[in-house]
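On a predicted model such as this, the values are computed, not experimentally measured, just so you know.
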There are 2 protein chains.
Amino acid sequence: MTGTSGVDSDQLMELLSVSLGAYYGDFTVAAASENLTASQGKTLNVLRRGPAAMRALATILTCDASNMTGIVDRLEKRGLVRREPSPTDRRVKNVVLTAEGERVIDVIRGKMHATRAGLDRLSDEERDTLYALLERAFTSRPATLRPSA
Amino acid sequence: MTGTSGVDSDQLMELLSVSLGAYYGDFTVAAASENLTASQGKTLNVLRRGPAAMRALATILTCDASNMTGIVDRLEKRGLVRREPSPTDRRVKNVVLTAEGERVIDVIRGKMHATRAGLDRLSDEERDTLYALLERAFTSRPATLRPSA
DNA sequence: CTCGATGCTTGAGAACTTCAAGCAATAGCT
DNA sequence: AGCTATTGCTTGAAGTTCTCAAGCATCGAG
């Protein structure tokens with residue numbers, strides 16, 4: 001708490017990779033417990049925010065569009081997701097979470113015990129601070145907390 | 001800066017997943033520019049801290065040990081990594097970065113412009129704070145910055 | 001309405017992932 | 001010592017992911 005402790009950019013990058021690695025591992029294990037691969041889990045996770053076109057999913061997940069086809073195929077086959085034609089552009093297919101898909105992703109999030117335990121080590125104020133810092137560093141436009149507010 | 005802004009655990013988890021996605025995407029693109037897959041890049045990234053046994057790599061990367069065999073095979077074939085027998089346990093093979101491997105992972109880290117730019121948005125003090133919070137939340141035993149210090 | 005760009009899908013080939021099995025070596029036990 | 005269970009790594013098979021190159025349908029601009 002002395003103010004300047006001298007953490008340089010490389011150390012922070014290193015810790016970031018360790019931290020996010022821990023988060024990712026926690027997520028992967030939780031997804032596996034619901035018989036989902038990491039990619040399938042990540043797709044559901046993105047869709048939890050709302051429907052998205054195939055192309056948007058590919059962009060967010062940093063992969064080829066053709067990639068999403070197979071992933072969404074398998075999720076759809078399990079009834080976790082649904083393809084709906086866009087009303088405004090007949091090329092576009094919007095992917096939507098089904099009720100079951102929503103249930104599954106919420107279960108997965110609830111099973112991320114390591115991450116929750118880690119965050120619980122912080123005080124309310126510290127969580128606020130962490131939130132603000134991550135938001136500044138990783139979101140170009142500060143995300144609206146409640147889109148419809 | 002009013003103290004209590006009321007960020008709950010779910011919002012923080014959500015932001016964490018967004019941050020991870022951004023970081024991971026940045027890393028994936030950088031690794032691809034050096035003709036490495038994400039898994040290969042992540043392996044080099046871990047090895048940047050020092051040699052590690054196959055089993056340790058699998059644990060850190062949250063995957064099966066048999067998985068590492070193939071990944072290390074390909075990295076070794078490119079001369080980025082070397083398998084060395086452990087002097088103390090003949091079952092164990094320690095994986096070590098070659099000079100070329102070290103060069104490549106450093107190049108990749110240097111190409112993570114989006115992440116660097118994000119961190120540059122923070123002040124020195126804020127980076128110190130972020131470092132401390134991540135360390136508390138994501139490392140069980142606060143990592144020694146300089147192991148030999 | 002013709003052309004170029006965009007959205008999604010398909011197919012081939014490589015890499016990743018998991019699981020079950022197997023071998024070598026170690027560790028704990030009596 | 002000898003026996004047994006465990007651990008570390010590798011192999012092989014099956015499914016998933018990933019990338020690239022086409023391909024088709026639709027949109028958008030001229």
Side-chain angles (χ1 to χ4, degrees), chain A residues 21 24-47 51-78 80-96, chain B residues 21 24-47 51-78 80-96:
Chain A
Y24 188 70
D26 202 21
F27 180 79
T28 301
V29 169
S33 78
E34 293 293 311
N35 288 306
L36 289 177
T37 67
S39 296
Q40 290 167 350
K42 283 197 283 187
T43 303
L44 292 188
N45 201 43
V46 170
L47 290 173
M54 300 292 291
R55 191 63 184 64
L57 286 175
T59 301
I60 293 172
L61 297 178
T62 324
C63 69
D64 196 271
S66 71
N67 211 329
M68 295 310 310
T69 300
I71 295 174
V72 170
D73 278 352
R74 283 163 215 121
L75 289 174
E76 197 169 28
K77 204 165 299 180
R78 287 204 201 175
L80 304 180
V81 128
R82 201 174 48 237
R83 266 183 255 234
E84 290 184 350
S86 162
T88 63
D89 187 334
R90 276 184 298 179
R91 291 171 300 182
V92 174
K93 284 169 187 168
N94 287 315
V95 186
V96 190
Chain B
Y24 189 70
D26 201 21
F27 181 78
T28 301
V29 169
S33 78
E34 292 293 311
N35 287 308
L36 289 176
T37 66
S39 296
Q40 290 168 349
K42 283 198 281 187
T43 302
L44 292 187
N45 200 45
V46 170
L47 290 174
M54 300 292 291
R55 189 66 185 66
L57 287 175
T59 301
I60 293 172
L61 297 178
T62 325
C63 68
D64 196 90
S66 72
N67 211 328
M68 296 309 309
T69 301
I71 294 174
V72 170
D73 278 352
R74 282 164 217 120
L75 290 175
E76 199 169 27
K77 205 165 297 180
R78 286 203 202 177
L80 303 180
V81 129
R82 201 172 49 237
R83 265 183 256 235
E84 290 184 350
S86 162
T88 64
D89 187 333
R90 278 184 296 180
R91 291 170 301 182
V92 173
K93 284 169 187 169
N94 287 316
V95 186
V96 191

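Rounding to the nearest 0.5 Å places CZ of A/R83 at 9.5 Å from CG of A/L75. Distance check: B/D73 CG to B/R78 CZ gives 13.0 Å after rounding to the nearest 0.5 Å. Annotation: the span from B/N35 atom CG to B/Q40 atom CD amounts to 9.5 Å, rounded to 0.5 Å. One finds the CG atom of B/L36 at 13.5 Å from the NZ atom of B/K42 (value rounded to the nearest 0.5 Å). Taken from CZ in B/R74 to CG in B/L80, the straight-line distance is 13.0 Å, to the nearest 0.5 Å.
Between A/Y24 atom OH and C/dC16 atom P there is a gap of 13 Å when expressed in whole angstrom units.
Of the residues in residues 61-68 of chain B, B/A65, B/S66 come within less than 4.0 Å of DNA chain D through at least one heavy atom, sorted by number. Applying a 4.0 Å cut-off to non-hydrogen atoms, none of the residues of residues 35-44 of chain B approaches DNA chain D. For the contact set between residues 70-77 of chain A and DNA chain D, defined by any heavy atom under 4.0 Å, the members are A/I71, A/R74.
For the helix from C/dC1-D/dG30 to C/dT30-D/dA1, the axis fitted to the five pairs at one end and the axis fitted to the five pairs at the other end meet at an angle of 30° (nearest 10 degrees).
Checked against B/M54 for a side chain to side chain contact (heavy atoms under 4.5 Å, CB included), the options B/N67, B/V72, B/I71 give a single hit: B/V72.
Shown here for A/Y24 and A/A38, the closest heavy-atom pair between the two residues is OH-CB, 3.6 Å. Nearest heavy-atom pair across B/S33 and B/A30 is OG-O, 2.6 Å.
Evaluation of the side chain to side chain donor-acceptor pair (under 3.5 Å) rule for A/R82 yields A/E84 as partners, not counting sequence neighbours. With sequence neighbours left out, A/R91 forms a side chain to side chain donor-acceptor pair (under 3.5 Å) with A/D89. Residues satisfying the side chain to side chain donor-acceptor pair (under 3.5 Å) test with B/N94, not counting sequence neighbours, are none. Annotation: side chain to side chain donor-acceptor pair (under 3.5 Å) contacts of B/D26 (sequence neighbours excluded): B/T115.
Running 5' to 3' along DNA chain D, contacts with non-hydrogen atoms of chain A at under 4.0 Å begin and end at D/dT16 to D/dC27.
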**Request:** Using a 4.0 Å heavy-atom cut-off, write out nucleotides 24-29 of chain C from 5' to 3' as B (base contacted by protein), S (sugar-phosphate only) or - (no contact).
**Result:** BBS---
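Of the N and O atoms on the side chains of B/S39 and B/T37, not one donor lies less than 3.5 Å from an acceptor on the other residue.
Evaluation of the salt bridge (charged side-chain N to carboxylate O under 4.0 Å, His left out) test over residues 27-40 of chain A, restricted to residues two or more places apart or in two chains, returns A/E34-A/K111.
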Tabulate below the donor-acceptor pairs under 3.5 Å that side-chain atoms of residues 58-66 of chain B make, not counting sequence neighbours, or state none.
residue: B/T59; atom: OG1; partner: B/R55; partner atom: O; Å: 3.1
residue: B/T59; atom: OG1; partner: B/R55; partner atom: NH1; Å: 2.6
residue: B/D64; atom: OD2; partner: B/S66; partner atom: N; Å: 2.9
residue: B/D64; atom: OD2; partner: B/S66; partner atom: OG; Å: 2.8

